[in-house]
There are 2 protein chains.
Amino acid sequence: MTDTRSTPPAGGDAPAATPDRRSPVTLSDVARASGVSLATASRAVNGSARKVRPDLHARVLAAAAQLGYTANGPAQAMARGRTSVLGLVVQDIADPYFSTMAAGVVRGAEQRGLVVTIGTTGRDPAKEAQHVAALRGQRASAVVVVGSRTDDAAVQARLAEEVAAFEASGGRAVLVSQESLPVDTLVVENEQGAEALARALTERGHERFAVLAGPPGLLTARDRLAGFRAGAAAGGGRVVDDLVLHGDFTRDGGHAAMHRLLDAGFDRGCVLAVNDVMAVGAMAALRERGVDLPGAVAVAGFDDISTLRDVTPALTTVRLPLQEIGERAVELLLDEEGGGPRTVRVRGEVVLRASTPDLRRG
Amino acid sequence: MTDTRSTPPAGGDAPAATPDRRSPVTLSDVARASGVSLATASRAVNGSARKVRPDLHARVLAAAAQLGYTANGPAQAMARGRTSVLGLVVQDIADPYFSTMAAGVVRGAEQRGLVVTIGTTGRDPAKEAQHVAALRGQRASAVVVVGSRTDDAAVQARLAEEVAAFEASGGRAVLVSQESLPVDTLVVENEQGAEALARALTERGHERFAVLAGPPGLLTARDRLAGFRAGAAAGGGRVVDDLVLHGDFTRDGGHAAMHRLLDAGFDRGCVLAVNDVMAVGAMAALRERGVDLPGAVAVAGFDDISTLRDVTPALTTVRLPLQEIGERAVELLLDEEGGGPRTVRVRGEVVLRASTPDLRRG
DNA sequence: CTGTTAGCGCCTTCAA
DNA sequence: TTGAAGGCGCTAACAG
C-alpha cells in the first residue's frame, strides 16, 4: 500500500503541474522537493504566525505550486480539531424564503473561507436537532439554524440541548427565528411587522380581516397573526375569529385554506396570508372561484419574496431583508461574543401594493 | 453518522447522555467502557461487514449511547481517505432553477447518508473549476456541477482538467448541462424542448417571434434559441433576427430586454424568454408599458418554475423536472460506471397556458 | 471473531 | 527561525 509516489525527483523539466496523479501529493512531498522540514513546509503553506525566512517561504510555495499540492482537508481538520465548515439547517431549500437566506449565508461564508453544508428538515422540527448533532460530529465550526420554533417543548428542549452541546464542543451557533433558546439569535420581528401591516391596511380603509394562518404550532405564524390582530384592532378594524384558518406554510396550504374560506361564505374583505407563498396560493384560489381580486377580496402577504414581486395584482406585504439576514447571521457567528446569548432584531418594512387597494381614495 | 441515540440503557439513571462535555468522548472511551478493543468498538459502531458477536455488539452500542459518543468526522475521513461529502456547485442558490435542483440533490444525498456542501459561482463560470479544486482538497467523494457550459474554451478546459483531477483522485463527478466534457453528464434537452414549444405555438397560430435570449456565451440560452428557431420555421412561423435580444438570465435581464424590444417598436407577436424568470420580468415590462398581454403580445418561458405557476396570465413554458434532475444526478453519481462517460438525457414537456392564447380558435 | 499494530496527513509543542 | 517528534481519532491490515 505504502507507495511513495512523489514525482521523479525533478532532474528535468516536464512533469508540470498535472494534478491528475493518483494519490495526491502531500505536504511531505512539498517539503522534500523544497529541501525543508515538514514543519517548515507547513508553516510556509499555512502558518498562522509568519515566521519563515522569505527565501524559504518562496521556495516552498513554488514547490507546492509546481507539484500541484492541495492540502488534505480532513487531515488539517483533524490536526486542528476543527473544520472550516459552517452548517446551515433549513426546512426546505426549494422554498424561496430559505433559499434567499441561504444565498446570504453562502455569500458571507465564502468571503470568509468557510464551506457551507446544508441540511434540510422537510418541515420536521425534530430534525433540526439531529442535524446539529451530526454537525457536531463533523466538527463544524459553526451552525446556523433557520426556521420557526414550535410550541413542542420536547422538540425545543432537544434542540436546545444539541445546540448547547455543539457550543460546548467549541463551535458557534446562531438561530434565525424567535427568541426562545439561550443562544445567539437573529430575531425576525414578525409581530411588529404584522402589526404595522394591519395598521397600514386599516388606514387604507380595510376593516374586516380574514387570516390564512399557517400551522398552529409554528411560532412565526402565530406571531404574525397576533401582531396583525393587534394592529387591526388598533386601527379600528378587526380580525374575525371565524375567519382565521390554518394551513400549511406553503403555496398549496394557502390555496386550500382560501378555498375553505370561500366555502365558508367569505366573499368580501381583506385576507392576510402569513407568508407570500401562501398568499400566491390564495390568489390562485380566488381566481379559480372568479372572485374579484382585489375588488371584493384584497390580499396581503409577508416576506416580499423577490420572485413573487411580479404577480398581479402586485402583492402587498412586509419586506424582510432575507439575504441580508443570512449575511448577518454569519457575521454574528464570527464576532467574538461578549457574554450571554445575544439577540439581533431585524424588522420588516410594509410595502403597500395593488392587492390591497386604498378604499377611501377610490 | 451513526447517530445511535437510544435512551440511556436503562439500568441506572445517573450520568445520562449529557453530551455537553468538553473534549468529546472518543471511540477508545467507548472501547474502554465496554471492555473491548478499539478495533471491535470501531466495527460495532460502524463496521461494514458485520462480524461482531451480538452481545459484544450490543454492549458497545450501549456504552456509546451512554457516553454520548459521536464519531469524529474528520478522523474517519482521514482514516478512510475520503469523506462522505457531496459537493454541489451552482450559480446562484437563490435562483429557483438552482434551488429546486438543489432540493433534489439534497434529498437524494441525505437518503444515502451524504452531506452536501454548496458552492456558488455568482454566474462566473471560472469559479466552477475553483470549487471543484477545493472539493478535491476536501476529499469530497462526489461533486455535481450544475450550470450551463459557456463558449469560453479556456474556462471549459480548466473545468475539464479539474474534474479529471477530481476523478483521478477517486471521486465521482457529474455535470448537469450540456454534453461537452468527457464526464458523466445529465443533459437537459433544451433544443428539443424549445423546438417542441415553437411548434406548439405555431399550431396555436403564432407566427412572428421575438426572443429574449440570455447571455450570448451561455450554451443553454443558445440551444434554446436554436431549437426555438428551428421549431418556428418547421411550423411555418419565424424568429425575426432583429427581434433577438440578449440579456441576463435573470428577472431583471428579461425586464430590461423586453423594454428594449418595445423601444425598438415591437408591439405585436409572441416573445420567447429563454427562461421563466426572464419571462416574468418581460411580463412586468409589458404591463408597465400598457401593452395588452396576451392580446397583442404573447409570452412564453422555459423551466416551469413552480413558484411562478400562479402568475397571470399563466405562463406557457417547457416543464423541466428540476427536482428530479437533482435526484437523478445523485443516482448517477453512485451508480457504478461501466466504461466511458455516460450521458443521461432529460427532456422537458411543453405546457401551454394563457400567456399564449390559441389564435385560431378565438 | 477479536485484539494488536501501523499509519492516514497535518499541526504543534519542544529543543536546537 | 528551523527541525524532530508526538499525537489527533479512526480504520485496516495482520495475526491470534
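- Nucleotide dT2(D) holds its P atom 15 Å from the CG atom of Leu38(A), rounded to whole Å.
- Put simply, Asn46(A) has a side-chain N or O that comes within less than 4.0 Å of OP1 or OP2 on dC11(C).
- Note on Thr40(A): a side-chain N or O is less than 4.0 Å away from OP1 or OP2 of dG3(D).
- At a threshold of 4.5 Å between non-hydrogen side-chain atoms, the residues Leu114(A) and Ser84(A) count as touching.
- Listed pair Asn72(B) / dC8(D) fails the phosphate criterion, with no side-chain N or O lying under 4.0 Å from OP1 or OP2.
- Spacing between atom CE of Met78(B) and atom P of dA12(D) amounts to 13 Å, rounded to whole angstrom units.
- The side chain of Ser42(B) approaches dT11(D) more closely than any other nucleotide in the set dT11(D), dG9(C), dG9(D).
- More than 12 non-hydrogen atoms from other residues, nucleotides or ligands lie less than 6.0 angstrom from CZ of Arg59(B).
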key: Pair Arg172(A)-Asp184(A), side-chain contact (heavy atoms from CB on, under 4.5 Å): steps then yes or no   = CA-CA 9 Å; Arg172(A) 310 269 292 120; Asp184(A) 286 352; 3.9 Å; yes
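- Atom-to-atom, CG of Asp29(B) to P of dC10(D) comes out at 9 Å; the value is rounded to the nearest Å.
- Nearest nucleotide to the Ala75(B) side chain, out of dT11(D), dG9(D), dG3(C): dG9(D).
- At least one side-chain heavy atom of Met101(A) sits less than 4.5 Å from a side-chain heavy atom of Val176(A).
- Within 3.5 Å, a donor on the side chain of Arg43(B) pairs with an acceptor on the base of dG3(C), or the reverse.
- Side-chain nitrogen and oxygen atoms of Ser37(A) include at least one within less than 4.0 Å of the OP1 or OP2 phosphate oxygen of dG3(D).
- Closest contact between the side chain of Ala39(A) and the listed nucleotides dG7(C), dT12(C), dG9(C) involves dT12(C).
- Backbone-only engagement by Ala71(A) is indicated by non-hydrogen atom pairs under 4.0 Å involving sugar-phosphate atoms exclusively.
- In this structure, CZ of Arg32(B) is placed 20 Å from P of dT2(C), rounded to the nearest angstrom.
- Candidate nucleotides dC11(C), dT2(C), dT11(D) were compared by shortest atom distance to the side chain of Leu27(A), and dC11(C) ranks first.
- Contact annotation: Arg80(B) reaches the phosphate of dT11(D) (side-chain N/O to OP1 or OP2, under 4.0 Å).
- For Arg149(B), the CZ atom counts as densely surrounded, since its 6.0 Å shell holds more than 12 non-hydrogen atoms of other residues, nucleotides or ligands.
- Contact annotation: Gln76(A) side-chain N/O to dC11(C) OP1/OP2 distance is under 4.0 Å.
- Position along DNA chain C of the nearest nucleotide to Arg53(B) versus Ala79(B) favours Arg53(B) as the more 5'-ward residue.
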